[in-house]
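Here is the structure we will look at.
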Amino acid sequence: MVKKYLMLAKSSIHLDIAYPAWYWSHLIVTFSKLVLMVSFWSAVFDGKQLINGWDLSSLITYTVLSMLLNEYVNGASWELSNLIRTGQISVELLRPYDLHFRLMAQDVGATISNMMRTAVPLVLFMAFVYHLQFPVTILAGILFLWTVMVAIVLGNLIDLIIGTMAFWLENMWGLRVFKAALFLFFNGALIPLNMFPDWLQYLCMWTPFPSLVYTPVGIFTGRIVGEPMWIACFIQLLWVVVIFIVLRLVWRVALRKVTVFGG
Amino acid sequence: MIDVRNVRKVYERIEKTPGLWGAVKSLFVQRRKTFVAVEHLNFQIQQGEMVAYIGANGAGKSTTIKLLCGILTPTEGEVLINGIDPSQKRIQNAKQIGAVFGQRTQLLWDLPVRESFELLKHIYEVEASSFGEMYDLCVHVLQLEALLNVPVRQLSLGQKMRCELAAAFLHSPSIVYLDEPTIGLDVSVKARIRTFIREMNRVHRTTVILTSHDMQDIEELCQRVILIDQGKIMYDGSIDQLKKEYGQERIVEFHMESSVEWRQPERFGSFVTVKHADSEDVGHTVSVGFDPTIWSASEIISEVLKTNKVNDLKVLEGSIETIVRAIYERNGGG
Ligand SMILES: Nc1ncnc2c1ncn2[C@@H]1O[C@H](COP(=O)(O)OP(=O)(O)OP(=O)(O)O)[C@@H](O)[C@H]1O
Ligand SMILES: [Mg+2]
């Protein structure tokens with residue numbers, strides 16, 4: 001049962017490698033974004049020791065990791081909405097796999113491959129140039145890796161719900177831009193969430209967005225420690241379950257458009 | 001075995017009112033329009049049969065195939081494929097069937113052909129030994145050797161279709177649905193595909209349901225024909241019987257000005273059937289159906305031209321369309 005999804009994941013690793021031009025342009029764009037953000041924070045600090053409890057070195061570490069992670073907490077919404085828009089979805093229903101798991105397997109395959117080839121070299125490079133910090137404890141390091149994996153799954157599930165909207169929306173562009181903005185702002189990729197005013201932090205707590213970036217990177221940089229760390233891990237898993245259930249419900253309604261109304 | 005009992009499918013479409021105001025209004029009141037695509041479908045198909053499912057454009061062929069595949073749920077009635085309801089147990093059903101839709105690609109992978117076949121092996125969880133045997137047979141009969149390392153997106157239509165066919169059979173399904181598998185292909189590729197389908201049916205006793213507008217596809221492959229018109233089955237039986245009953249007639253169509261009155265040639269008597277139809281783009285159309293063993297098309301044409309002023313004419317060959325039309329007309333349609 002599991003093997004087919006592993007093979008699907010593997011197939012998309014091949015695909016990721018098949019487009020070198022895209023790889024290089026993506027690498028350069030990501031690199032520029034990182035340098036830009038790091039320069040921005042350096043200018044903001046301007047010799048100050050602490051801002052909102054952050055020193056420059058840990059903030060740069062946070063920025064590099066969170067900007068990179070934000071690139072990977074997306075999923076297959078584009079592919080799914082294309083299947084729906086072109087009617088290819090009907091052929092997909094004839095396959096002996098769960099379409100969500102197939103799309104996720106392929107996306108995770110591509111994500112892992114891209115991480116190895118983009119994020120890892122960039123982190124090493126930035127670590128060398130800007131002296132990034134190590135995880136605060138060994139436990140934090142391990143939990144970071146774990147929460148990154150959960151975040152990628154969660155990001156995929158949210159993206160699949162967005163892709164499913166193509167059953168009702170003719171133009172997905174607006175929704176996708178809206179989602180990207182929400183993600184960037186509320187998952188903590190742009191600014192650490194604990195720099196937000198209290199009421200905004202409180203609002204964020206009720207959304208799944210902090211689980212995507214702030215939880216893993218916050219743990220890595222020692223902003224989330226002790227009991228809150230375990231709670232954050234638990235909440236992250238809770239969101240996976242909730243979003244998965246929502247996805248399946250939305251999907252069930254959407255699929256009726258194919259099987260009953262004929263698409 | 002395929003068992004279809006009293007199936008009816010009604011499509012429901014939500015009418016879109018044009019304009020911004022229409023869009024706002026449709027948020028509150030939706031106008032639904034229903035359309036009966038097929039009804040009273042009843043047939044059984046045994047393992048190993050090759051059946052042609054034919055009918056004019058829009059008759060309901062693709063709708064029926066989708067009902068059999070489980071993509072559509074019947075509004076009424078029951079479909080059982082080897083005892084499984086395909087729209088309820090989709091994944092279970094998926095393993096025992098293969099499908100090719102002429103207008104859609106199933107090899108959506110950006111991968112070379114060989115790798116996408118390899119992936120299918122895992123997706124369908126086929127044992128390596130039986131897969132290898134099938135793989136060799138497909139590659140051999142469809143002559144895919146030279147295509148195996150080419151990414152699917154770089155294949156020509158005919159090449160892609162051969163790969164699609166292979167992909168539909170690779171997991172040794174017990175039933176394969178082919179919806180216009182030869183559309184847009186040249187004569188030699190068509191012939192190769194037919195050979196392949198015949199071979200699969202002979203060696204593996206695969207049940208094949210085929211829709212096509214190509215009479216030759218049907219004659220070469222199928223013993224049995226199910227003919228559908230406007231969503232209802234009009235004929236279910238052997239192909240020879242079909243041709244004997246309906247295929248005799250040939251038709252010549254005459255287009256003329258609507259204002260001009262038709263003058264029936266006296267020699268026609270009651271030996272030919274004459275139908276009249278009006279349409280906006282071609283004006284008045286007179287279809288003259290005749291038995292080719294008694295009349296020739298040129299005789300019919302010269303007789304008509306003696307007494308009528310005709311703009312244009314068309315001789316319809318003994319195609320499925322003519323058969324469908326002959327049946328339709330015999331059943332009192334217009
Ligand atoms: N999703 C849909 N919603 C509403 N009506 C539909 C839908 N799909 C098909 N129809 C209608 O149902 C009828 C049967 O369509 P179908 O596709 O089964 O025809 P077909 O026999 O396959 O024709 P063709 O030879 O052109 O492929 C047509 O009149 C078509 O307009
Ligand atoms: Mg069709």
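Just so we're on the same page: letters track the sequence lines, and every chain starts at 1. The structure presented is a predicted model; accordingly, all values stated were derived computationally and were not measured.
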Open item on the list: For B/Lys9, which atoms come within 4.5 Å of any heavy atom of chain A: side chain, backbone, both, or neither?
Closed with: side chain

Task: Heavy atoms from other residues, nucleotides or ligands near CH2 of A/Trp173 exceed 12 (cutoff 6.0 Å) - done: no

Open item on the list: Would you compute the distance between atom OG of A/Ser11 and atom CD of B/Glu115 and round it to the nearest 0.5 angstrom?
Closed with: 8.5 Å

- [ ] Could you pull out all residues at least two apart from A/Asp98 that satisfy side-chain contact (heavy atoms from CB on, under 4.5 Å)?
- [x] A/Tyr5, A/His100, A/Phe101, A/Arg248

Task: Considering all heavy atoms, the nearest A/Pro96-B/Ala94 contact - done: N-CB, 3.6 Å

TODO: With a 4.5 angstrom heavy-atom cut-off, could you sort out which part of B/Thr73 is near chain A: side chain, backbone, both or neither?
DONE: both

Open item on the list: For the NZ atom on A/Lys10, are there more than 12 heavy atoms of other groups (residues, nucleotides or ligands in this structure) within a distance under 6.0 Å?
Closed with: no

TODO: Using a cut-off of under 4.5 Å on heavy-atom pairs, state which of A/Ile89, A/Leu6, A/Leu94 scores highest against chain B.
DONE: A/Leu94

- [ ] For residues A/Lys4 and B/His122, report the shortest heavy-atom separation together with the two atoms involved.
- [x] CB-O, 3.3 Å

Task: Part of A/Thr86 lying under 4.5 Å from any heavy atom of chain B - done: backbone

TODO: Check the pair B/Ile123, A/Leu8 against side-chain contact (heavy atoms from CB on, under 4.5 Å), reporting the backbone distance first and the verdict last.
DONE: CA-CA 8 Å; B/Ile123 289 173; A/Leu8 281 160; 4.1 Å; yes

Open item on the list: Please report the interatomic distance CG(B/Asn93) to CG(A/Leu93), rounded to the nearest 0.5 Å.
Closed with: 11.5 Å

Open item on the list: Other residues, nucleotides and ligands only: do more than 12 of their heavy atoms fall within 6.0 Å of CD on B/Glu125?
Closed with: yes

Task: Any side-chain heavy-atom pair of A/Thr259 and B/Ser87 under 4.5 Å - done: no

Open item on the list: Under 4.5 Å from any heavy atom of chain A, what part of B/Phe101 do you find: side chain, backbone, both or neither?
Closed with: side chain

Open item on the list: Minimum heavy-atom separation for A/Arg95 and B/Leu120, please, with both atom names.
Closed with: NH1-CD2, 3.4 Å

Task: For B/Thr34, all residues meeting side-chain contact (heavy atoms from CB on, under 4.5 Å), sequence neighbours excluded - done: B/Val10, B/Glu12

Open item on the list: Do B/Arg90 and A/Leu255 have side chains that approach each other closer than 4.5 Å (heavy atoms only, starting at C-beta)?
Closed with: yes

Task: Heavy-atom proximity to chain A below 4.5 Å, by part of B/Leu67 - done: neither

Open item on the list: Checking A/Trp78 now: which residues fulfil side-chain contact (heavy atoms from CB on, under 4.5 Å) with it, not counting sequence neighbours?
Closed with: A/Asn82, A/Arg176

Open item on the list: Using a 4.5 Å heavy-atom cutoff, which residues in residues 163-177 of chain B come close to chain A?
Closed with: none

